[in-house]
Amino acid sequence: MIQQLLPVLILFVVVIAFGTGMILLTTLTGFKVRATQAKENPYECGVAGQAPNSTQIPVKFYLTAISFILFDIEIVFLYPWTLIYRETMPEAGLYLLLSMGFFLFVLVFGLFYEWKAKALEWD
Amino acid sequence: MGADQFEIAVNLLKLIVIFLAMVQLVPILVWAERRGSAFIQNRLGPNRVGPLGLLQLLADAIKFIFKEQFIPANAKPFLFKAAPVIALVPAALAFAAIPLSTPVEVSTFELFGRAWGPYVFEIQTVHMNVGIIYILGVSSLGAYGLLTAGWASGNKYSLLGALRACAQMVSYELALGLSIVGALILYGTFSLNEMVQLQEGPLAFAWFGKQVTVGWLPNWGIIFQPLGAVLFLTAAFAESNRLPFDLPEAEGELVAGFHTEYGGFKMLLFFMGEYGHMLVSSALFVIFFLGGYGIPFLTQDTVFQSLLNNGFSPTVSSLLTSLVFLISFLMKVFFFLWFFIWVRWTLPRFRYDKLMDLGWKTMLPWGLMNLFVTAIAVYVMNRG
């Protein structure tokens with residue numbers, strides 16, 4: 001397992017080294033311009049920014065994240081199921097098909113409920 | 001990694017070369033994008049620097065290096081600098097697990113007064129038997145880079161852009177994950193290498209327990225999974241934040257989204273991440289639905305044998321075979337990269353609520369249906 005993942009680890013180090021190295025290099029080579037108050041402000045379309053920068057975030061994003069976790073776990077269950085379903089096709093195929101069908105039915109019902117409860121609406 | 005020095009050296013070299021090739025592809029893709037957009041919009045595009053404007057890449061690179069490295073007063077300096085690197089990592093790591101071509105078999109040879117045993121080098125950085133799970137897992141880390149950038153910039157546009165990007169990426173990840181479950185049932189493996197081998201030869205499938213072969217069609221996944229292919233491609237556009245789903249950087253509303261405050265080389269690193277995602281998505285599409293590096297009606301053995309018969313040594317013919325299949329793979333991938341550019345300059349942008357509707361209310365149910373139909377069809381067809 002470690003043997004198999006060693007290249008990934010090395011590549012990870014290489015990528016981090018490449019990224020930080022280039023950022024450090026360009027900090028050295030880049031032009032230096034004296035910073036002014038106006039320049040250092042957060043970007044705004046030509047007018048001075050008004051409200052503080054920490055804006056409130058719509059709760060919709062949180063809801064989306066929660067629904068994502070729910071359905072992503074479902075897909076995580078589906079992946080190993082496909083292999084087992086394929087391997088044990090002649091003997092256990094129908095049993096596996098029905099049990100996964102029941103599991104998905106519960107989740108599709110959940111999706112349907114979410115839909116009807118207007119949890120998927122953006123307005 | 002290998003057992004002796006030669007194998008370790010070659011594997012390390014391969015790792016660096018594949019990573020740098022991915023990085024080097026970015027300026028070329030930017031050039032293709034600019035020329036392509038000009039072509040589509042009936043303009044000229046960059047054509048001044050060098051032939052066809054190709055030296056524009058070099059000019060841009062020099063400009064990126066000498067740009068001022070500006071950090072806004074509101075930003076969190078460390079995270080602001082770290083975010084571009086975090087954005088680059090997932091794409092580079094995901095690309096490492098993609099099989100680019102057939103393995104090269106090197107037979108025994110003499111060097112520095114000793115014999116070096118036979119080797120098999122695969123044209124991919126890391127061979128994984130759970131390749132697809134690894135790639136999906138790693139590439140979904142891309143959201144962290146965007147979120148870090150948006151939060152560390154200290155700018156409202158950046159933060160909103162990053163949030164939109166994350167919500168969009170997680171929503172379409174569901175569709176992306178579901179769209180390939182049907183294909184996984186068909187292949188019965190997680191290994192990308194095995195998937196490519198399964199798609200070799202003419203179209204063959206079980207029809208109510210009998211084996212049917214259609215000689216004039218390749219055995220490609222897109223023939224069994226057309227709906228899955230469409231869903232996958234659509235989700236890939238959303239995952240790599242490309243038009244028509246580039247809401248995170250919708251210029252009309254959010255200036256430039258999560259990279260509003262970025263410039264110079266940091267911006268380029270974000271570009272590498274984005275184009276890297278495009279590359280990985282195109283490569284995955286090709287592997288899942290278009291036979292990977294395979295060439296229709298030609299198997300690896302046929303090419304290898306005909307090269308052997310023409311008087312090449314086994315090592316050289318193995319190398320040349322690998323090159324032929326690499327070119328085949330790159331041609332397919334480049335077509336899809338061009339397709340990404342083509343679509344970007346053809347379709348208008350979605351509205352955000354429509355985008356979320358498409359992800360949750362259209363693609364998710366269709367993906368589930370595709371899964372049901374495939375599972376039942378595979379069961380019935382194999383049972384007879």
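Order of the sequence lines sets the chain letters (A, B, ...), proteins ahead of strands, with each chain counted from 1.
- In terms of modelled atom types and a separation under 3.5 Å, the side chain of B:Ser179 and the main chain of B:Gly367 share no donor-acceptor contact.
- Of the two parts of A:Glu74, only the side chain, counted from C-beta on, holds a non-hydrogen atom closer than 4.5 Å to a non-hydrogen atom of chain B.
- Proximity to chain B (any heavy atom under 4.5 Å) is restricted, for A:Tyr85, to the side chain, taken from C-beta onward.
- The candidate from B:Leu163, B:Leu269, B:Val85 with the greatest count of non-hydrogen atom pairs under 4.5 Å with chain A is B:Leu163.
- Only the side chain of A:Leu83 comes within contact range of chain B, with heavy atoms under 4.5 Å apart.
- Contacts of A:Leu97 with chain B are made by side-chain atoms alone, with heavy-atom separations under 4.5 Å and no backbone atom involved.
- For the salt bridge (Lys or Arg N to Asp or Glu O under 4.0 Å) condition, no pair includes a residue of residues 14-28 of chain A, sequence neighbours left out.
- Counting heavy-atom pairs under 4.5 Å between each of A:Val76, A:Asp72, A:Leu94, A:Ile69 and chain B puts A:Leu94 at the top.
- Interface remark: of the candidates B:Ile71, B:Ile16, B:Leu186, B:Leu186 forms the most heavy-atom pairs closer than 4.5 Å to chain A.
- A:Phe18 and B:Phe19 have their aromatic ring centers within a separation under 6.0 angstrom.
- In this structure, chain B has no heavy atom under 4.5 Å from any part of A:Ile84.
- Interface residues of residues 100-107 of chain A toward chain B, defined by a heavy-atom distance below 4.5 Å and sorted by number: A:Gly101, A:Leu104.
- With a threshold of 4.5 angstrom between heavy atoms, A:Phe12 approaches chain B through its backbone and through its side chain.
- No side-chain heavy atom of B:Thr148 sits under 4.5 Å from any side-chain heavy atom of B:Phe80.
- Annotation: maximal heavy-atom pairing with chain A below 4.5 Å, among B:Val170, B:Val126, B:Asn129, occurs at B:Val170.
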